[in-house]
Protein chains: 2
Amino acid sequence: MDQIELVRDFNRYYTQRLGVLNDHYLGQGRPLSEARLLFEIGGAGAGLRDLRTRMGLDSGYLSRLLRSLSDQGLVSVDPHPGDGRSRIATLTRAGRRELDDLNSRSRDSIAALLEPLTEAQRSKLVGAQEQIRRLLRLAAVTLSPVADDDPSVRGCLTSYGKELALRFPEGYDPATLIAPGTLGTGTVLLAREEGVPVGCGLWQLLSPGVSSGVASGVSSGVASGAASGVAEIRHLWVAADARGYGLGRRLLSALEQDALSHGIGVVRLGTHPSLGEAIALYRAAGYREIPSYDSSPYNQLAFEKALVL
Amino acid sequence: MDQIELVRDFNRYYTQRLGVLNDHYLGQGRPLSEARLLFEIGGAGAGLRDLRTRMGLDSGYLSRLLRSLSDQGLVSVDPHPGDGRSRIATLTRAGRRELDDLNSRSRDSIAALLEPLTEAQRSKLVGAQEQIRRLLRLAAVTLSPVADDDPSVRGCLTSYGKELALRFPEGYDPATLIAPGTLGTGTVLLAREEGVPVGCGLWQLLSPGVSSGVASGVSSGVASGAASGVAEIRHLWVAADARGYGLGRRLLSALEQDALSHGIGVVRLGTHPSLGEAIALYRAAGYREIPSYDSSPYNQLAFEKALVL
DNA sequence: CCTTTTCTCTGACTAGAGTCAGAGATTGTG
DNA sequence: CACAATCTCTGACTCTAGTCAGAGAAAAGG
């Protein structure tokens, strides 16, 4: 059985198991959609518009669901204090009790599932689930080239700057960030998970190669013989809550691939001694330390890697 | 977040991911129930009664689903040659093509999911899924005490005997198996997965202890002070397709617990040098080798363990 | 102030997934 | 052979989970 077949098989098995579990704890007379809605409203309440986008519901449908829940005395829907058009749903006391019930039934059915396992087996299970989730999250991230003034990228770079300001003992001047429109020859990659930006990185030409195709764009690089341009990789950043999934590695190698296809033979990058994980990443990815080549005061360390097909 | 919450969280994430996947490959105009039915009928065809029990469908509903599929030319439903009441569904040529399409769409969507991962990450994913499946299968097994003439147990013991006959160089005489009705003081445990027998084991009193409660049944043991009877564990067996999940370990410790609660302080067991996994299991479970105590020619090795609460 | 946009609600409708109560044909059994 | 049991099918319903097209109120923009 190949990998794909193994994954399909696991999916079949797992959904079946989960189906049994869910039927058990949700099958208490309440329709699934109402239960989900109770979950989403949660203890703090939520605006209808917010609920609609989060759950992907039709506005008419949500309205009816809420009506049903409020007829049952579980939810109250009140006008937004600041905006008379929008409304806010909150759980009533009974609704909160119902939600607690749902949660505890869910917990109970999971506990019953885990009961026959030893402590060691349970933590193995949890560990394996965690690993799967990391890998699936990583797989769900898409990388796409964007302009250097793309608002999402500027947002990432702002976060990047703020983080460096906190981590560098000497602080960080945001003016060091690439200014919009100044990329020149190069590519900015933006990483998105379900549309939400979770990382970025860019490469930028330092000195053109001898082959003629370098500056003429996407289609030229691969065909133009030995790649010989030199580029710099900059602003490689992964959002804090998306770290540990191998996304930095993926961004880095995507940048390398892209640079290579544009006739770049060597990439360099500068970094700071206080960025330990980044340095470890570069070393693991085959970068070798070189004398610092950059005038930026933050780039106290420099690395280089020769790109090969 | 505790283990239960982590498992719930994973379940939520995974079902959501799978939902997206399934929508993608099944959402080709065909209702889910029809697609499932095509899967279940499969290349070989299936009897309606069989389909109903396997899929848990109402007979009227199944009838209508099949009608719809046969109207679409995907399935033909023909009378059973031997029994005029029952009927058999088989895929037509077009139905087989449709099923192949479904399968390849499913494969494609899994392949697209895996595409961003490196080979190492993919095999990690598959490995973690395999581990989860093992643990869930183990957790799904229920152990229950049964009589020594229970048909399921006799079936297990027959398989056990056949296996030993193959593995022992000297063969194995099935007459060595415990005869129905001869257990005496002791317990037979049967392991079932979804109702299907997957293993068994028993303990049997060798010599009673000094405390008075030993022979008087379930309620006596725990309260009767220090456990001091001696029992033998026999016929511990796990079906071939349920091995590697830790089920042997679970059966063994359930037998120990049960024996302890009946006033047994020491358990012994005999085994054969060619049963390497079993010997490793006993050692790992805290058994120490002792001189062979048994007249059975197969029990060339013997182990013992003192039971403690 | 008028128009456009935003937000929610109502009414009308649909498809999917079942359930339930027989009817009809066939087979097994005393 | 009569009667019970088995198997499938039909008709009549139900519930869930939506979709779609407006209507009406409030807010934002020029």
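Each chain gets a letter, A, B and so on, in the order its sequence line appears, and its residues count up from 1. Quick caveat: nothing in here was measured; it's all calculated off a predicted structure.
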Hey, does the side-chain of Arg64(B) have a donor or acceptor N/O within less than 3.5 Å of a partner on the base of dG11(D)? yes
Could Arg12(B) and Asp9(B) be called an ion pair, given the rule that one side-chain N must be under 4.0 Å from one carboxylate O? yes
Rounding to 0.5 Å, atoms CZ (Arg54(A)) and CD1 (Ile41(A)) come to a distance of 9.0 Å
Arg67(A) vs dT10(C): side-chain N/O to OP1/OP2 distance below 4.0 Å: yes
Would you indicate what Gly84(B) reaches in the nucleic acid, counting non-hydrogen atoms under 4.0 angstrom: base, sugar-phosphate, or nothing? sugar-phosphate
Categorize Leu32(B) for me: base, sugar-phosphate, or nothing, with a 4.0 angstrom heavy-atom threshold over every strand shown. sugar-phosphate
Within the 4.0 Å heavy-atom criterion, would you say Asp83(A) contacts the bases, only the backbone, or no part of the nucleic acid? sugar-phosphate
Hey, which sits more toward the 5' end of DNA chain D by its nearest nucleotide, Gly82(A) or Glu34(A)? Glu34(A)
Reference residue Glu98(B); test side-chain contact (heavy atoms from CB on, under 4.5 Å); the match among Arg93(B), Arg30(B), Glu34(B): Arg30(B)
For the pair made of CG in Leu51(B) and C1' in dT8(D), what is the distance, rounded to whole Å? 13 Å
Below 4.0 Å: OP1/OP2 of dG24(D) and any side-chain N or O of Arg85(A): no
Checking all strands, does Ser59(B) fall into the base, sugar-phosphate, or nothing category for heavy-atom contacts under 4.0 angstrom? base
N/O (side chain, Ser33(B)) to phosphate O (OP1/OP2, dG16(C)) under 4.0 Å: no
Ion pair Glu194(A)/Arg17(B), N-O distance below 4.0 Å: yes
Would you say dC9(C) has OP1 or OP2 under 4.0 Å from some side-chain N or O of Ser63(A)? yes
